Amino acid sequence: MEEVNQIILSKAGSNVELIPEIAKHLISSGGKRLRPMLTLACAEMFGYQGTGHVVLAASVEFMHTATLLHDDVVDESDMRRGKLAARKLWGNQASVLVGDYLLGQAFKMMVDVGSLEALRILSEASAIIAEGEVLQLGAAKNILTSEEDYLRVIDAKTAALFASAAEVGPVIADQGAEVKAAARAYGRELGLAFQLVDDALDYGGSSADLGKQIGDDFREGKITLPIVLAVARGSDADRVFWKRCLEEGAIEDGDLDAAIERLRKVDAIADTVQRARDYGANALKALEKLPSGPHNDALAEAVAFCISRVS
């Protein structure tokens, strides 16, 4: 991971002063680095001895960082990882363009590794993530979004990169199709669990857990799984409340507390957490098809860490 971080910092450089300034603002603000960890562990568990996995891990983190810059513009978010979002400091245009630069750097690194299959997997992930963003636009501030439609959004927007980050490990370690499929399944299930944990934390966690203010999803009118479940299970009066707050954006003092109470009344937060646990269990099941040892243990610990945030 130290090598990954060194590559990240070096590749974030540019003669255009604003690029490293914005990139390093987000990169240096922390982040769990889960996605690059998946690439490293899923290559090293097969005895991979080269440096390609380190470069691919850095490219995966660049892809993730680029999507965060773009997401904050689309969602009009004010905070990211406990700091002001880049768009609040430098504006939307600069944030989008620096995100594009980081994506370009990510693909250059993939090419440097020389694995056409790894390049295909990660480039497909980039397209799928963009599709997820567009899907989310269609669901934005629509309280009638179905659970199926919401899961399609997070499968594309979040889980796709987790899945690809894990899959490219055995790819560059020259492993067979069954192993690559197991690594991909692990990553996808972990990604789904990770997103649902974030969804639950926005209404039942702490700012320290989230890296942003509690209730930001609510204030931004985001339709997440707890809302989908609450709308489906609630009364007509509840739906009037959700429509006013989320679709119309007419949020009043005390509405966040009222929203949390409505969510808890129909077990929307608890059931979101349970779904996250189910996806986490699926991820552990996929690990059974991969070699045992310290790297497998680390991947299992990633699942435990994810779920522990809401335990």
Side-chain angles (χ1 to χ4, degrees), residues 1-8 11 32-67 102-132 155-194 279 282-303 306:
M1 281 306 301
E2 288 179 8
E3 292 176 30
V4 171
N5 288 331
Q6 287 170 7
I7 292 174
I8 287 171
K11 295 294 184 180
K32 301 166 190 68
R33 299 283 201 270
L34 273 178
R35 296 157 190 82
M37 187 208 79
L38 302 189
T39 301
L40 296 179
C42 287
E44 290 178 3
M45 68 163 50
F46 298 103
Y48 178 75
Q49 296 295 313
T51 59
H53 65 321
V54 174
V55 179
L56 286 176
S59 71
V60 163
E61 187 65 12
F62 264 32
M63 289 175 66
H64 174 55
T65 304
T67 62
L102 294 178
L103 274 178
Q105 289 289 75
F107 283 107
K108 282 171 64 178
M109 285 188 276
M110 293 174 212
V111 171
D112 288 342
V113 171
S115 169
L116 190 60
E117 187 177 1
L119 176 61
R120 176 188 62 77
I121 290 166
L122 290 172
S123 61
E124 283 180 359
S126 182
I128 291 169
I129 291 165
E131 287 179 337
D155 200 0
K157 223 186 119 197
T158 303
L161 188 54
F162 275 85
S164 298
E167 185 179 7
V168 294
V171 163
I172 62 169
D174 294 323
Q175 297 302 301
E178 185 177 351
V179 165
K180 288 184 282 190
R184 182 173 187 84
Y186 163 82
R188 176 179 178 266
E189 300 292 332
L190 175 62
L192 290 168
F194 185 88
Y279 284 122
N282 291 341
L284 293 176
K285 197 168 294 184
L287 280 182
E288 294 174 2
K289 299 178 181 178
L290 298 175
S292 59
H295 298 96
N296 194 301
D297 293 344
L299 293 172
E301 285 172 17
V303 177
C306 173

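For clarity, every value in this text was computed on a predicted model and none was experimentally measured.
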> So how far is it from Leu116 CG to Ile121 CD1, rounded to the nearest 0.5 Å?
10.0 Å

> Which heavy atom of Val113 sits nearest to which heavy atom of Gly52, and what is that distance?
CG2-O, 3.8 Å

> If you count the non-hydrogen atoms of other residues, nucleotides and ligands that lie under 6.0 Å from CD in Glu124, is the total more than 12?
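Count over threshold, so yes.
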
> Work out which heavy atom in Thr158 is nearest to a heavy atom in Gly191; give both atom names and the distance.
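Closest pair (atom of Thr158, atom of Gly191, distance): CG2-O, 3.7 Å.
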
> About how many Å separate CZ of Arg33 and CD1 of Ile8, when rounded to the nearest 0.5 Å?
4.5 Å

> Side chains of His64 and Thr67, heavy atoms from C-beta outward: is any pair under 4.5 Å?
yes

> Is there side-chain contact between Leu290 and Leu287, with heavy atoms separated by less than 4.5 Å?
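They are in side-chain contact.
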
> How many angstroms lie between atom CE of Met63 and atom OG of Ser126, to the nearest 0.5 angstrom?
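Atom-to-atom, Met63:CE and Ser126:OG are 4.5 Å apart.
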
> If we only count heavy atoms from C-beta on, is the Met110 to Val168 side-chain gap below 4.5 Å?
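No, their side chains stay 4.5 Å or more apart.
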
> Taking Ser59 for its side chain and Leu56 for its backbone only, find out whether a donor-acceptor pair lies under 3.5 Å.
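Yes.
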
> CG of Leu122 to CD of Glu117: how many Å apart, nearest 0.5 Å?
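One finds 10.5 Å between CG of Leu122 and CD of Glu117.
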
> Out of curiosity, Leu103 CG to Thr65 OG1, how far, rounded to the nearest 0.5 Å?
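Going from CG on Leu103 over to OG1 on Thr65, the span is 9.5 Å.
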
> Sort and list the pairs that fulfil salt bridge (Lys or Arg N to Asp or Glu O under 4.0 Å) and have at least one residue in residues 158-169, not counting sequence neighbours.
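Passing the test, one end in residues 158-169: Glu167-Arg184.
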
> Is it true that Glu189 and Lys285 have a side-chain N and a carboxylate O under 4.0 angstrom from each other?
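Lys285 and Glu189: not salt-bridged.
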
> Which heavy atom of Leu299 sits nearest a heavy atom of Tyr186, and at what distance?
O-OH, 2.6 Å

> Determine the minimum heavy-atom distance between Thr39 and Ala165, stating which atoms define it.
OG1-O, 2.7 Å

> Heavy atoms only: give me the nearest Ala160-Ala125 pair and the separation to one decimal.
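That would be O-CB, 4.2 Å.
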
> Please report the shortest heavy-atom distance between Pro36 and Val60, naming the atom on each side.
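Closest pair (atom of Pro36, atom of Val60, distance): N-CG1, 4.2 Å.
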
> Fit a plane to each ring of Tyr48 and His53, take the angle between them on a 0 to 90° scale, and name the class: parallel (under 30°), tilted (30 to 60°) or perpendicular (over 60°).
perpendicular

> Any side chain to side chain donor-acceptor pair (under 3.5 Å) involving residues 287-297? Give me the pairs, sequence neighbours left out, ordered by first then second residue.
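Qualifying pairs, neighbours excluded: Glu44-His295.
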
> Got a sec: does the NZ of Lys180 have more than 12 other heavy atoms crowding it under 6.0 Å?
yes

> Going from CG on Asp155 to CG on Leu192, what distance comes out if it is rounded to the nearest 0.5 angstrom?
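Answer rounded to 0.5 Å: 5.0 Å.
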
> Quick one: salt bridge (Lys or Arg N to Asp or Glu O under 4.0 Å) partners of Arg35, sequence neighbours excluded?
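Result, salt bridge (Lys or Arg N to Asp or Glu O under 4.0 Å) vs Arg35: none returned.
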
